[in-house]
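Everything numeric in this text was worked out from a predicted model, so none of it was measured. Ligands are counted one by one from 1 in listed order, and the atoms in each one are counted from 1 as well. Only heavy atoms go into these numbers, but all of them, side chains included; no hydrogens, no water, no symmetry mates.
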Amino acid sequence: MAVKIKTLSGYFHEYQKSIVKTEDFWQQQAEDFYWRKKCDCVLDWNFKEPKIEWFKGGKLNITENIFERQMFIRKDQAAIIWEPNDPKEEGVTLSYSELFYKVKQFANVLLSKGVKKGDRVALYMPMIPELAIAMLACARIGAIHSIIFAGFSSTALADRIIDAQAKVVIASDGGFRGNKTTPIKTIVDEAVGKCDSVETLIIKKRTGDQVLMKEGRDFWWDELCENVSAENEAEVMDAEDPLFILYTSGSTGQPKGVLHTTGGYMVYSSYTFRNVFQYSQGDVYFCSADIGWITGHSYIVYGPLLSGATTLMFEGIPTFPDAGRFWDIVEKHQVNQFYTAPTAIRALMAEGNEFVENKKMKSLKVLGTVGEPINEEAWHWYHDHVGKGRCPIVDTWWQTETGGIMISPIAGVTPTKPSYATLPLPGIHPIIVDAEGKELKGNSVEGNLCIKAPWPGMARTIYGDHERFRQTYFSTYQNLYFTGDGVRRDEDGYYRILGRVDDVINVSGHRMGTAEVENAINEHPRVVESAVVGFPHHIKGQGIFAFAVCNDMDETVTEEGIIQSIKVGVNNIIGPIARPDKILIVSGLPKTRSGKIMRRILRKIAAGDFENFGDTSTLLDPAVVEEIINKSKIH
Ligand code: WT7
């Protein structure tokens, strides 16, 4: 395996090299891997169309790089340690050879169901080993996996299955989460009823709940695997063949199917994993994300397994059976690197120190955070109480679209500063621009974060809608990838992410489009229109605040009743993560004369700040603002 960056001067040296000769740098990283055929061209790109091609003509299979390439040294090493929801249940450890066996076997099952290279397979599963097995089996045969977080509603699931035209859906009977179970199969049935493309459902038994199995369409995972051979030759893929689709929210419209391809993603997820977390052979690495998000794709499955790591997969939630669960897992498995979201840290911090104090966590070497800005208080608590002051914190900034970590300390190498993602990784060229797109050079500047040149892990398109890809990321500023984040570069050249500058809110590290939530609210029969904004929330980072204009407010209904039914509606249309924390029924929204909602004003009101609204001269009806303020003071 390639060498890791070990010193700060080593980092600066590598960074310089990577910026001056980016292609040579990534070609060198690619040499660690097993290519059936070397590429014809390292990089071909322009951000106008945009076209991004890395290692084109190179032939490979990503699972061959996880398994065949490493098998003779890792055969008996643990690949996945699975920790169940209930600590009383026994976990599972799969060695590299056991995981390989299961992946090949399930790949053969998929082939027997007629799945071919390029077909889409939707996965809607709890955090059980079969989720990782299924995704790797897809990659093995060249099918494109689309994993949908199992907290999404059946409507949201159906939208995603339809958009990708998935042929097969892989799910479970149910799922355990804390002391609750979720009726996964029932939700899938509801969704699949609306999806013509789906021919086959494969169901892994987990909770043992009674479920309906439709003859000829639904099959039990375990039955399909019986007596199936584990002889399987990997499908040969081009570096630019799609690996997966992952849906994410934007500021407008339906969620986008972000598409990642094979070769570049492989090189990038693995390079960033090894360097940022400073993984050493024999370490146990634990990322608490769900595989339904990009963090799970890149830093539970692909990055770690490509690097020969032992990756821990946790089915449950941080507060079950109590708020010490993460630390029990760290103690039990002697975890060396731990990666989680600021929301989880804040929630556990609020439960008090007794859950973390007496745990034996000397094994910990590195702590990581991802998904949202981390406030200083949470950073210090994490550093002092979890890391006992010994462990560097890597505050990793990246996005679904970037495929892997972009701006982050390298553990133990880059001096950290609370709430700073610090410096770009090698090969990454961030630039800060003002609203007009003018580059803000030098230090102590604040503006919009863009990336100047391609990196291997970046998304290639939005599935089925390349124009939307161009429009969303490459049209705001010419020849730049626009992240949607505001950023500050301080006097030391360190980057501090300030949060989204578009109509996207970040709730517990999950991205939500305000338009998406508004559309769900507007489905309510009494709602005429609505506006959704984020507001500061002490645990979630941002909460969801909805202003709704309703008609027919007669004696048959109460405001409270409508508010409750709007919440239920949003739950059903998107899922619990989109449920508004606060809803205010108002008689009108503040609009400009041209009819545009003045969200700036609503954001201030939602934050409880009722003064200094700035320029309100374009406001159509100032009385509306007065009314909203008065009402929100009462509620
Ligand atoms: C958005 C991307 C990347 C995996 C999880 C989220 C925010 C991400 C940080 C960080 C401040 C962060 C940004 C970004 N974000 N990491 N370390 N500090 N903000 O992926 O759902 O695609 O969301 O999350 O606003 O644009 P995602």
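- With Phe25 as the fixed residue, the ring-ring contact (aromatic ring centres under 6.0 Å, His included) test singles out one of Tyr268, Tyr271, Trp455, Tyr15: Tyr271.
- With Phe338 as the partner, the ring-ring contact (aromatic ring centres under 6.0 Å, His included) test is satisfied by one option alone out of Phe326, Phe314, Tyr299, Tyr285: Phe326.
- Asp485 places no side-chain N or O within 3.5 Å of a backbone atom of Leu449 that could act as its donor or acceptor partner.
- For Glu467, the CD atom counts as densely surrounded, since its 6.0 Å shell holds more than 12 non-hydrogen atoms of other residues, nucleotides or ligands.
- Of all atoms in ligand 1, numbered sequentially from 1 with element shown, those under 4.0 Å from a heavy atom of Trp398 are 2 (C), 3 (C), 4 (C), 8 (C), 14 (C), 16 (N).
- Between the Arg390 side chain and the Leu364 main chain, a donor and an acceptor come within less than 3.5 Å of each other.
- With ligand atoms numbered from 1 in the order given, ligand 1 contributes 9 (C), 10 (C), 16 (N), 17 (N) to contacts under 4.0 Å with heavy atoms of Thr396.
- Only the side chain of Ile294 comes within contact range of ligand 1, with a heavy atom under 4.0 Å; no backbone atom does.
- The protein heavy atom nearest to atom 7 (C) of ligand 1 is Gly371 O, 3.3 Å.
- Polar contact check, Thr295 against ligand 1: no nitrogen or oxygen pair lies under 3.5 Å apart.
- By the 4.0 Å heavy-atom criterion, Gly484 is excluded from the residues contacting ligand 1.
- Residue-ligand proximity: Ala421 is placed with every non-hydrogen atom at 4.0 Å or more from ligand 1.
- The nearest non-hydrogen atom to atom 18 (N) of ligand 1, considering only His510, Gln399, Glu372, Glu401, comes from Glu372.
- Heavy-atom proximity to Asn506, at under 4.0 Å, picks out these atoms of ligand 1: 7 (C), 24 (O).
- The 12-atom threshold is not exceeded at CZ of Arg177, counting heavy atoms of other residues, nucleotides or ligands nearer than 6.0 Å.
- With hydrogens and angles ignored, the 3.5 Å screen pairs a side-chain donor or acceptor of Ser153 with a backbone N or O of Ile574.
- Nearest protein heavy-atom contact of atom 26 (O) of ligand 1 is Asp485 OD2, 2.6 Å.
- At a 4.0 Å heavy-atom cut-off, ligand 1 touches Ile497 through the side chain alone.
- For Tyr473, the ring pair (Phe, Tyr, Trp, His ring centres under 6.0 Å) partners two or more places apart in sequence, or in a different chain, are Phe469, Tyr481.
- For atom 23 (O) of ligand 1, the closest non-hydrogen atom on the protein side is Arg511 NE, 3.5 Å.
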